[in-house]
2 protein chains.
Amino acid sequence: MTSSTATAAPSPEVGDGRRRILEAAAELFQVRGYAETSTRTIAEAVDMRAASIYHHFDSKDALLTEILAIGMQAVTDAFDAAELATEPDETGAQRLQRHVTAHLDALFGHKAFTAAHVTVFPFVPAAVRVASVEDRDRYEARWTDLLGSIAPELDPSQVRVVRLSLFGVMNSTLDWFDPAAEGSLDELANAFVSTLWSGLGTVGGGN
Amino acid sequence: MTSSTATAAPSPEVGDGRRRILEAAAELFQVRGYAETSTRTIAEAVDMRAASIYHHFDSKDALLTEILAIGMQAVTDAFDAAELATEPDETGAQRLQRHVTAHLDALFGHKAFTAAHVTVFPFVPAAVRVASVEDRDRYEARWTDLLGSIAPELDPSQVRVVRLSLFGVMNSTLDWFDPAAEGSLDELANAFVSTLWSGLGTVGGGN
DNA sequence: GACCCTACCGAACGATCGTTAGGCAGGCAA
DNA sequence: TTGCCTGCCTAACGATCGTTCGGTAGGGTC
């Protein structure tokens with residue numbers, strides 16, 4: 001209809017189809033699961049046919065692999081940005097809270113892509129898993145270093161328990177926290193870190 | 001070969017096939033996922049053919065429904081047993097730790113059945129989900145009452161956050177804790193509760 | 001021996017899956 | 001005008017899925 005070249009194009013832009021497939025597939029994988037989502041269902045969500053997906057991706061597995069990579073990129077970038085914002089005189093709790101906030105922001109800011117790592121990752125084909133495990137190991141190592149740095153009194157096995165427990169809490173929020181309805185992620189991060197640091201006994205009475 | 005009637009039967013006992021299918025299916029669902037596990041794979045694990053499963057269960061969905069019910073029964077029974085062990089002069093932290101231990105004991109004691117609720121539940125067919133949601137709601141209500149009872153200074157929305165966070169930590173242990181290699185679940189429960197109550201700052205220094 | 005019940009099997013059904021082959025429309029370059 | 005490239009299509013392939021049908025072997029009961 002409108003065909004002026006100066007205004008933003010209302011029709012599909014170049015490379016738009018590929019991005020739309022990625023987002024629709026990530027959303028469907030998160031809600032229904034990987035094996036439960038067919039290529040025809042993905043295509044239907046973007047008003048295409050299943051065969052068209054194969055113009056943009058080699059296979060359904062390759063599509064999932066890219067979705068997982070995008071999710072890891074989001075949390076990794078968020079971690080690095082939080083690290084750069086470190087100030088010399090801040091406390092360990094402050095630094096930890098900035099990273100928890102960054103992780104939660106990345107989780108919910110790219111929810112479909114990050115949630116794929118939490119929900120469907122255990123069941124993805126082995127070939128897809130090995131393609132993502134390197135990214136995941138790198139991210140875990142960042143947290144291991146961080147926690148060891150701000151809590152040097154913990155031995156490595158304790159750091160591991162704290163890290164995995166913290167991941168358990170943070171990642172579980174994808175299932176039950178709604179940033180639009182329940183408040184800011186920063187407040188949630190503050191609740192997590194202050195509880196982890198000082199305990200419910202003091203937090204519950206103080207707030 | 002051996003056909004004596006007095007000794008324990010080396011051949012399959014009555015009702016044995018059904019139980020073996022349940023356990024094999026639960027294990028496969030946990031490791032591979034529900035949609036990724038075919039009835040033929042389940043049958044192979046118990047040295048049968050796929051058709052034989054339908055002698056014991058109406059459908060693959062019915063098999064999953066029963067597995068989920070067994071898992072919920074395990075954690076519910078554990079909760080009730082822990083509740084009965086309440087002593088009049090114990091602290092809130094002691095009572096909480098007994099329930100955390102009970103939950104972890106049930107999780108790992110019937111791992112394949114309880115893990116199904118954590119890993120495959122989000123993706124199970126809607127009909128199966130509604131069959132389990134009542135059991136799950138009842139168990140959640142038990143924990144809501146418990147936490148509200150031992151931390152009366154928290155308002156309902158805070159209780160909800162604490163409950164869901166605690167579930168996030170406890171259920172995540174299925175992915176990374178190995179009771180056989182890493183120590184007792186009681187110690188893990190103690191670490192969780194003491195951290196939740198008093199914070200890492202005191203725990204880390206004291207231990 | 002006749003009968004039945006439990007536990008299992010072989011074979012097949014229709015549906016759905018991921019994927020491929022080949023074609024067509026439109027935009028852009030020469 | 002010709003030719004190519006991008007983006008999407010229809011149609012179909014073989015594989016695998018959950019499930020059903022019609023059996024059969026064996027043990028217990030009368």
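Naming: A, B, ... by sequence-line order, numbering from 1 per chain. On a predicted model such as this, the values are computed, not experimentally measured, just so you know.
Between the P atom of dC8(D) and the CZ atom of R19(A) lies a distance of 12 Å, rounded to the nearest Å. Per the geometry, CZ belonging to F57(A) stands 13 Å off P belonging to dT19(C), to the nearest Å. Rounded to an integer number of Å, the gap from M48(B) CE to dA7(C) P is 9 Å. The separation between R18(B) atom CZ and dC8(C) atom C1' is 16 Å, rounded to whole Å.
Contacts of D47(A) with the nucleic acid, taken as non-hydrogen atoms under 4.0 Å apart, involve only primed sugar atoms and P, OP1 or OP2. Across all strands shown, R49(A) has heavy atoms under 4.0 Å from base atoms, whether or not it also approaches the sugar-phosphate.
Closest contact between the side chain of A51(A) and the listed nucleotides dC8(D), dT19(D), dA11(D) involves dA11(D).
In this model, the phosphate group of dC8(D) is not approached by any side-chain N or O of H55(A) to a distance below 4.0 Å at OP1 or OP2. Checking the phosphate oxygens (OP1, OP2) of dG7(D), no side-chain nitrogen or oxygen of S52(A) falls inside 4.0 Å. Side-chain N/O atoms of H56(A) include one lying less than 4.0 angstrom from OP1 or OP2 on dC8(D).
Taking the charged nitrogens against the carboxylate oxygens, E83(B) and R142(B) have no contact shorter than 4.0 Å, which rules out a salt bridge. The residues R136(A) and E140(A) are annotated as not salt-bridged, no charged nitrogen and carboxylate oxygen being separated by less than 4.0 angstrom. Using a 4.0 Å cut-off between a side-chain N of Lys or Arg and a carboxylate O of Asp or Glu, E23(B) and R19(B) qualify as a salt bridge.
Ring to ring, F167(A) and H117(A) are not that close: their centroids are 6.0 angstrom or more apart. Proximity of the aromatic rings of H99(A) and F79(A) is defined here by a centroid distance below 6.0 angstrom, and this criterion is met.
The stretch residues 22-31 of chain B does not touch DNA chain D, since none of its heavy atoms comes less than 4.0 Å from the strand.
D135(B) has its side chain out of reach of T76(B): every pair of non-hydrogen atoms, C-beta onward, lies at least 4.5 Å apart.
A side-chain donor from one of S157(B) and D155(B) sits under 3.5 Å from a side-chain acceptor of the other.
Within a 6.0 Å radius of CD in E182(B), other residues, nucleotides and ligands contribute more than 12 heavy atoms.
In terms of modelled atom types and a separation under 3.5 Å, the side chain of R32(B) and the main chain of T37(B) share no donor-acceptor contact.
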Between protein and nucleotides 15-18 of chain D, what N or O pairs are separated by less than 3.5 Å?
from	atom 1	to	atom 2	distance (Å)
dG18(D)	OP1	T37(B)	O	3.4
dG18(D)	OP1	K60(B)	NZ	2.7
dG18(D)	OP2	T39(B)	N	2.9
dG18(D)	OP2	T39(B)	OG1	3.2
dG18(D)	N7	R40(B)	NH1	3.0
dG18(D)	O6	R40(B)	NH2	3.0

